[in-house]
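Here the structure is laid out as structure tokens; the discussion comes afterwards.
Here the structure is a predicted model, which means the values were calculated and not measured.
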Amino acid sequence: MPLLSVNNLSVSFDTRAGVARAVRDVSFQIEPGRTLGIVGESGSGKSVTCYSLMGLLPQPPGRIEAGQAVFDGVDLLHISRRQLNQIRGRRIAMVFQDPMTSLNPYLRVGDQLIEPLLIHQKITRASARKRALDLLDEVGIPDAAHRIGMYPHEFSGGMRQRVMIAMALITKPDLLIADEPTTALDVTVQAQILELMQKMRAELGMAVILISHDLGIVSGFCDHVIVMYAGRVMESARTEELFYQTRHPYTRALEKSIPALQAKGRELYTIAGGPPDPFHPLPGCPFAPRCDHAVDACAAAEAAPLEVAPAHLSACLRVQKENLQI
């Protein structure tokens, strides 16, 4: 049974320039102990989707137009703020992309780390501090006993990110949403953090949603992947199938853009053009203007629904109708 089931989520932003449709009919689910990767270009709607689930979308200008997000039998989109606060931080935790703006510069790191425990688990400050020290050691913060009394500006960007990860894991949540958790970290620390997240997932049965631009990390960490573009899901499949039996041109273009896969001395592959204007969505497939396989039917009035096979969904019309080999 899914721990979280998101159905037909649509999110818009009301601005002076008009209505920006950031997320359109996004659906996915994740079971306890499983890992889901969400990939796509900047502006594809990955973070907005998860912010909506956490109740962190500023309203206004943000507006949830439709959809459900059922977490353990409770619809996160239609509960009171008090009910959401009882879930958020305790059963669902999030690692934000920018640790400097997520940590309070006026509070010591230790006070911010133990706050979730004091609020949600009603333990003593001494017990919370011990748990915080242990977790700082696990995420690779040297001399944790000294650094727990320091302020965020006294940490490097990578160390602040590790503090954010420790803060998210300290309550041992059922679901961890990690928004680019290893962006500011070097390769060695990236491996340590991903190993820690895998360890916690295995020990606690914790589900993980990983938002990332790094297809290499997603391929090695996640069980299932959804690919987003212009606020829509373009492809959804188990990780092995997505990378070895790709069924959408956008996914293939992302794979071809990985620098490590380019032949030495050759020009790096880039996807032509740019993402569509969210204020003026195009009819049909939003990727059609940039797609090497597009035909006139791709720009039809209705975009193709997600289908192909029960375990491998694609929104490419040609893959669905012509069995296009990408």
Side-chain angles (χ1 to χ4, degrees), residues 2-30 36 38-107 112 115-116 119-120 164 167-168 171 173-181 207-212 226 228-233 275-281 286 303:
L3 175 67
L4 173 67
S5 181
V6 177
N7 302 301
N8 304 115
L9 176 65
S10 294
V11 181
S12 296
F13 288 89
D14 296 315
T15 72
R16 293 179 180 178
V19 178
R21 307 196 180 279
V23 175
R24 292 184 282 173
D25 295 321
V26 169
S27 298
F28 61 86
Q29 62 183 32
I30 183 170
L36 171 70
I38 305 179
V39 301
E41 293 175 89
S42 296
S44 61
K46 307 183 300 297
S47 296
V48 171
T49 296
C50 292
Y51 281 17
S52 301
L53 307 181
M54 294 287 286
L56 298 175
L57 194 70
Q59 301 185 52
R63 174 163 43 90
I64 298 175
E65 294 185 331
Q68 290 182 317
V70 180
F71 174 77
D72 198 16
V74 177
D75 187 352
L76 299 175
L77 305 182
H78 298 92
I79 59 176
S80 68
R81 178 65 60 177
R82 182 176 180 180
Q83 289 175 296
L84 185 59
N85 286 338
Q86 292 175 347
I87 296 173
R88 184 173 54 192
R90 180 172 66 92
R91 300 196 62 196
I92 305 177
M94 187 166 185
V95 179
F96 297 95
Q97 187 170 353
D98 185 357
M100 193 59 207
T101 57
S102 302
L103 292 170
N104 191 327
Y106 295 101
L107 297 178
Q112 298 183 63
E115 184 179 24
I119 292 174
H120 294 294
M164 284 294 303
M167 192 182 303
T171 57
D174 298 317
L175 172 63
L176 175 68
I177 301 174
D179 188 0
E180 299 278 1
V208 180
I209 297 177
L210 176 66
I211 301 171
S212 181
I226 65 173
M228 292 187 65
Y229 180 77
R232 293 184 180 274
V233 176
D277 185 352
F279 297 101
H280 302 93

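Contact check on Glu65 versus Arg21 returns a salt bridge, with a Lys/Arg side-chain nitrogen under 4.0 Å from an Asp/Glu carboxylate oxygen. Using a cutoff of 4.0 Å between basic side-chain nitrogens and carboxylate oxygens, Asp179 and Lys46 are not scored as salt-bridged.
Rounding to the nearest 0.5 Å places OG of Ser47 at 7.0 Å from CD of Glu180. Rounding to the nearest 0.5 Å gives a distance of 11.0 Å between CD of Gln68 and CG of Leu76. Residue Ser52 holds its OG atom at 5.5 Å from CG of Leu9, rounded to the nearest 0.5 Å. The OG atom of Ser27 sits 4.0 Å away from atom CG of Asn8, with the distance rounded to the nearest 0.5 Å. Between the CZ atom in Phe28 and the CG atom in Leu4 there is a gap of 5.5 Å [rounded to 0.5 Å].
Leu53 places none of its side-chain heavy atoms less than 4.5 Å from the side chain of Phe71. With contacts defined as side-chain heavy-atom distances shorter than 4.5 Å, the pair Ile79/Ile87 qualifies. Using a 4.5 Å heavy-atom cutoff, the side chains of Cys50 and Met94 are in contact. Counting heavy atoms from C-beta on, the side chains of Ile177 and Val95 never come closer than 4.5 Å. Ile92 places a side-chain heavy atom less than 4.5 Å from the side chain of Met54. Proximity of Val208 to Leu36: side-chain heavy atoms (C-beta onward) are nowhere separated by under 4.5 Å. In this structure the side chain of Ser10 reaches within 4.5 angstrom of the side chain of Asp25, judged on heavy atoms. Side-chain contact between Phe96 and Leu56: present, with at least one pair of heavy atoms (C-beta onward) separated by less than 4.5 Å.
Side-chain atoms of Ser5 do not come within 3.5 Å of backbone N or O of Val70 as any donor-acceptor pair. With Asp75 contributing its side chain and Ala69 its backbone, the two residues share a donor-acceptor pair below 3.5 Å. Between the Gln112 side chain and the Leu107 main chain, a donor and an acceptor come within less than 3.5 Å of each other. Within the 3.5 Å criterion, the main-chain N or O of Gly55 finds a donor-acceptor partner in the side chain of Arg81.
Annotation for Pro286 and Ala230: closest pair CB-CB, 3.9 Å, computed over non-hydrogen atoms. Minimum interatomic distance between Arg91 and Asp174 (heavy atoms only, all atoms of both residues): NE-OD2, 2.6 Å. Taking every heavy atom of both residues into account, Tyr229 and Pro276 meet most closely at OH-CD, 3.2 Å. Closest heavy-atom contact between Gly67 and Leu77: O-CD1, 3.7 Å.
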* Step by step, work out the side-chain contact (heavy atoms from CB on, under 4.5 Å) result for Met228 and Val26. => CA-CA 9 Å; Met228 292 187 65; Val26 169; 3.8 Å; yes
* To do: For Val48 and Leu57, run side-chain contact (heavy atoms from CB on, under 4.5 Å): C-alpha distance rounded to whole Å, both residues' side-chain angles, the deciding distance at 0.1 Å, then the answer.
  => CA-CA 7 Å; Val48 171; Leu57 194 70; 4.1 Å; yes
* Output, in order, the C-alpha distance, side-chain angles, deciding distance and verdict of side-chain contact (heavy atoms from CB on, under 4.5 Å) for Ile209 and Ile30. => CA-CA 8 Å; Ile209 297 177; Ile30 183 170; 4.1 Å; yes
* For the pair Arg63 and Phe13, evaluate side-chain contact (heavy atoms from CB on, under 4.5 Å) and give the outcome as yes or no after the intermediate values. => CA-CA 6 Å; Arg63 174 163 43 90; Phe13 288 89; over 6 Å; no
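A donor and an acceptor atom, one from each side chain of Ser80 and Gln83, are located under 3.5 Å apart. In this model, no donor atom of one side chain and acceptor atom of the other lie less than 3.5 Å apart for Asn85 and Arg82.
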